[in-house]
Amino acid sequence: MPDLIAAVAIIIGTAFLMIASLGMLRLPDFYARIHASTKAATLGLALLLIALAIGLRDRPVITKALLAMAFICATAPVGAHILARAAYATKVPPLPDNAVDVYAGFHPDAADADKVGETAPAVPEPGTSPLRPG
Amino acid sequence: MISLETIASYALGAVAIAAAMCMARIIKGPTAFDRLAAFECLILDLVGAIILVSLLEHTDAYIDVVLVVALLGFVGTLSFAAYLEGSLDA
């Protein structure tokens, strides 16, 4: 019975890892590609660590597997956030070129940092959304 | 495909294919940030491969390797992103 749970966890975890790498290869934009490594690879690794903890039923292994799971779930999204922030500061373009930039002027290292408060409205008008042009 | 070892060995082949797809993005990526994100995904695939090898050999000696490789991959991504942004004194 525990081997069955470990086998199912291995299959689903490896499927998530393959979906993460497939998304990394096929998604059209940089800001879409970091979603793949953040969510799918983290979840696949968590399932693989669960499979390891159930397959080798040993107390130090369970403790270290939980520790590795907590560490990966804490650091992979933080790494993706820092990547996205650095890419936004270096003007990596998003894919639809007419996408509304709601953060224009808010980044302290951006080129248009002197326009803080000019581009983003304080209160959006009712019926409109800053994410939808026009 | 009854035992856990056969499933783990087939999963190891699948993780190798996933790592090859990340390498294709490293080769192809138009900006350096694409290569960096694919490197992060490659490190996570490598951690998955170490976990599967540890299951295949019925040993618990590689769980420390998992922790250290994940930590080093994260720190490498952070430092490279800081350098590419320009906020690292280099």
Side-chain angles (χ1 to χ4, degrees), chain A residues 3-4 6-8 10-11 13-27 30-31 33-34 36-38 40-42 44-45 47-49 51-53 55-56 58 60-61 63-65 67-68 71-72 74-76 78-80 82-90 92-93 109, chain B residues 1-4 6-8 10-15 17-26 28-34 36-45 47-49 51-52 54-55 58-60 62-64 66-67 70-71 73-75 77-78 80-87:
Chain A
D3 278 352
L4 180 65
V8 168
I10 285 178
I11 291 174
T14 314
F16 269 115
L17 275 183
M18 284 204 69
I19 288 173
S21 298
L22 185 67
M24 183 65 72
L25 183 62
R26 292 283 297 168
L27 282 172
F30 165 72
Y31 298 103
R33 277 177 209 134
I34 53 181
S37 80
T38 306
T42 304
L45 271 182
L47 280 169
L48 278 178
L49 282 165
L52 182 68
L56 310 170
D58 195 10
V61 174
T63 309
K64 288 179 190 170
L67 192 63
F71 176 74
I72 286 176
T75 61
V78 168
I82 289 178
L83 268 181
R85 187 180 184 272
Y88 183 74
T90 345
V92 172
D109 300 333
Chain B
M1 292 197 195
I2 300 178
S3 71
L4 193 60
T6 52
I7 291 180
Y10 280 114
L12 203 52
V15 167
I17 294 176
M21 287 197 276
C22 283
M23 275 304 296
R25 176 51 66 189
I26 288 181
K28 202 170 105 171
T31 67
F33 291 100
D34 289 309
L36 194 50
F39 171 72
E40 172 80 13
C41 199
L42 185 66
I43 290 292
L44 295 179
D45 281 338
V47 167
I51 292 172
L52 286 169
S54 162
L55 261 174
H58 299 285
T59 176
D60 55 351
Y62 298 149
I63 191 75
D64 306 323
V66 163
L67 278 171
L71 183 65
F74 170 63
V75 166
T77 303
L78 278 190
F80 211 109
Y83 168 69
L84 283 178
E85 186 183 2
S87 64

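Below, each value reflects all heavy atoms present in this structure, side chains not excepted, and no hydrogens, waters or symmetry copies. Chain letters run A, B, ... following the sequence lines, proteins first, then strands; residues in each count from 1.
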Hey, are the side chains of [X] and [Y] touching, using non-hydrogen atoms and a 4.5 Å cut-off?
X	Y	value
B:F74	A:V78	yes
B:L84	A:T90	no
A:L48	B:L55	no

Subject >> Partners passing salt bridge (charged side-chain N to carboxylate O under 4.0 Å, His left out) against B:R25 (at least two apart in sequence or in another chain) >> reply: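 Applying salt bridge (charged side-chain N to carboxylate O under 4.0 Å, His left out) to B:R25 gives none.
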
**OP:** Check salt bridge (charged side-chain N to carboxylate O under 4.0 Å, His left out) between B:D60 and all other residues, then give those that pass, not counting sequence neighbours.
**Re:**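 Listed in chain order: nothing, the list is empty.
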
Original post:
What residue in B:T59, B:V66, B:I17, B:I63 has the most heavy-atom pairs under 4.5 Å with chain A?
Top reply: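 Max contact count across the listed options: B:I63.
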
Subject >> Pairs of heavy atoms under 4.5 Å with chain A: top-ranked of B:G73, B:G48, B:A82, B:G29 >> reply: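 The residue among B:G73, B:G48, B:A82, B:G29 with the greatest pair count is B:G48.
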
Subject >> Contact origin within B:T77 toward chain A - heavy atom pairs under 4.5 Å >> reply: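 For B:T77, the contact with chain A is made by the side chain alone.
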
Subject >> Pairwise distance CG(B:L78) to CD1(A:I82) - rounded to 0.5 angstrom >> reply: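 Answer for the CG-CD1 pair, B:L78 versus A:I82, is 4.5 Å.
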
Original post:
Between A:I72, A:V92, A:T38, A:L56, which has the largest tally of heavy atom pairs under 4.5 Å with chain B?
Top reply: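 Result: the option with the highest number of such pairs is A:L56.
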
**OP:** Report yes or no: does A:S37 contribute a side-chain atom to a donor-acceptor pair with the main-chain N or O of B:C41 at less than 3.5 Å?
**Re:**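 The answer is no, because no donor-acceptor pair under 3.5 Å joins these two groups.
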
Original post:
Given A:T14, which of B:D45, B:V15, B:L12, B:I7 fulfils the side chain to side chain contact (heavy atoms under 4.5 Å, CB included) condition?
Top reply: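 Among B:D45, B:V15, B:L12, B:I7, the one that satisfies the side chain to side chain contact (heavy atoms under 4.5 Å, CB included) with A:T14 is B:V15.
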
